Amino acid sequence: MDNEQQREETTVASSENRPHIFGSDPDGIRSHERVLFGHDRETGLRAIIAIHDTTLGPALGGTRFYPYVDEERALEDVLRLSRGMTYKAATSGLDLGGGKAVIIGDPAVVKSDQLLEAYGRLVESLGGSYITAGDVGTTSQDMDVIGRSTAHVVARTEAVGGSGDSAPMTALGVFSSLRAAAQNVWGSETLDGRSVGVEGLGKVGYHLVSLLVAAGARVVATDVSAQARQRVEVDFPDVDLVDDVLRVPVDVYAPCAMGATLTPSTAESLQAQIVCGAANNQLSTADVELLLTRRGIRWVPDYVANAGGLIQVAGERQRLTRADVRQQVESIFDTVEGILRLSGEQAITPGAAADQVAEARLRAAAEECHLAGVGV
Ligand code: NAI
């Protein structure tokens with residue numbers, strides 16, 4: 001451990017110009033509970049773990065392994081992402097807080113078992129207040145390695161008792177969200193005959209296409225990867241592969257690739273009535289949601305629609321059966337139905353309604369702790 005250095009900051013001023021904003025308090029008055037910087041000279045590990053809020057339980061969130069240009073960008077990302085996890089867990093009804101971690105560096109160059117083990121020790125040093133999982137740049141196999149030095153890791157492979165790839169459950173959550181939005185917009189949850197534009201045919205997009213095809217939807221899809229397109233072409237010959245789903249008249253736009261595809265410009269030209277997909281941080285700026293709402297387009301907040309993976313790894317911790325996890329993921333339908341109803345009743349955007357639901361749950365839990373005398 002001589003090699004390893006930890007630097008801790010308990011309150012951190014939030015960064016500015018974030019592309020997506022969670023909560024009605026975007027500028028960070030609701031500050032992070034704990035931020036831990038960890039360095040290990042021997043393996044080159046440079047990591048930041050941010051615990052945003054543990055009112056509902058230990059903070060759970062993935063580890064992003066990414067070649068950030070500098071520590072400031074990495075910090076900005078981890079603060080924003082961990083805040084998002086608080087809201088995701090709260091709206092999903094999970095007894096978990098929000099946290100996230102970043103490892104700075106190109107995983108293709110610097111990732112090693114030794115580095116991941118050193119990172120595991122950093123996670124372990126938090127005594128379970130942060131539980132890690134996979135994210136961009138990390139895999140279930142990496143979680144197995146991290147698990148050699150900490151007990152506080154989920155999303156490991158099935159071979160070691162983990163729940164494996166979360167993409168199928170994430171896709172199921174998006175599909176359930178989409179049905180709830182259809183119910184809200186068209187008065188029927190059926191997707192039979194509806195056209196859905198799926199952008200991104202990777203781990204989640206592929207499974208979503210499979211569910212949509214089985215439900216009788218007409219799927220139009222795109223991916224920048226020829227390999228991903230070819231897999232869909234072979235497995236689902238009725239899917240119409242196009243260059244850009246944003247330019248095609250569809251009933252639903254399902255972003256399942258990168259974030260920030262909803263810009264003021266795409267919001268103005270979008271022909272879909274519903275936007276619901278797995279991609280994180282879909283809005284390029286917070287005001288895009290208002291543009292969508294003004295045009296009568298229903299946006300299902302990304303952190304609600306894509307919570308299936310989080311529900312799966314939470315179930316892994318509780319040793320739930322697959323059937324129970326599946327049922328919980330399908331209940332995202334009710335969450336989305338409630339959020340869209342609230343949005344209609346209060347004439348607020350679905351994003352604001354989702355934030356309200358999350359913040360009400362956080363407030364109630366904090367009040368309960370206070371009454372029980374443990375919130376001092
Ligand atoms: P992935 O990396 O397997 O798939 C993404 C796909 O998008 C790739 O096939 C890629 O070629 C394609 N793509 C990239 N840029 C594109 C563009 N401009 N136009 C069209 N296609 C493009 O990722 P995965 O796991 O399927 O995740 C998709 C999204 O869902 C990501 O934003 C991820 O953060 C989010 N998400 C995933 C979860 C999971 O359980 N895998 C959980 C929650 C969110």
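Being a predicted model, the structure only gives us computed values, none of them experimental. Residue numbers count from 1 along this sequence. All ligand and atom numbering here is 1-based and tracks the order in the structure.
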Report, one line per pair, each donor and acceptor closer than 3.5 Å where one atom sits in a side chain of residues 255-267; sequence neighbours left out.
from	atom 1	to	atom 2	distance (Å)
Thr261	OG1	Tyr253	OH	2.9
Thr263	OG1	Ser265	N	3.4
Thr263	OG1	Thr266	N	3.0
Thr263	OG1	Thr266	OG1	3.2
Thr266	OG1	Thr261	O	2.9
Thr266	OG1	Thr263	N	2.7
Thr266	OG1	Thr263	O	3.3

Contacts of Ser82 that satisfy side chain to side chain donor-acceptor pair (under 3.5 Å) - sequence neighbours left out: His32
Can you see whether Thr54 engages Glu33 through a side-chain donor-acceptor pair at a distance of less than 3.5 angstrom? yes
Taking the basic N atoms (NZ, or NE/NH1/NH2) and the acidic carboxylate oxygens, is any pair closer than 4.0 Å for Asp238 and Arg218? no
Contacts of Phe333 that satisfy ring-ring contact (aromatic ring centres under 6.0 Å, His included) - sequence neighbours left out: none
For ligand 1, which of its N or O atoms have a protein N or O partner closer than 3.5 Å, and how long is each gap?
from	atom 1	to	atom 2	distance (Å)
ligand 1	3 (O)	Lys203	N	2.9
ligand 1	3 (O)	Lys203	NZ	3.1
ligand 1	9 (O)	Asp223	OD1	3.4
ligand 1	9 (O)	Asp223	OD2	2.7
ligand 1	11 (O)	Asp223	OD1	2.7
ligand 1	21 (N)	Val224	N	3.4
ligand 1	26 (O)	Lys203	N	3.1
ligand 1	26 (O)	Val204	N	2.8
ligand 1	30 (O)	Ala278	O	3.3
ligand 1	32 (O)	Ala257	O	2.8
ligand 1	34 (O)	Asn280	ND2	3.1
ligand 1	40 (O)	Ser166	OG	2.8
ligand 1	40 (O)	Thr170	OG1	2.7

Rounded to the nearest 0.5 Å, what separation is found between the CG atom of Leu310 and the CG atom of Leu94?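 Rounded to the nearest 0.5 Å, the CG-CG separation comes to 5.0 Å.
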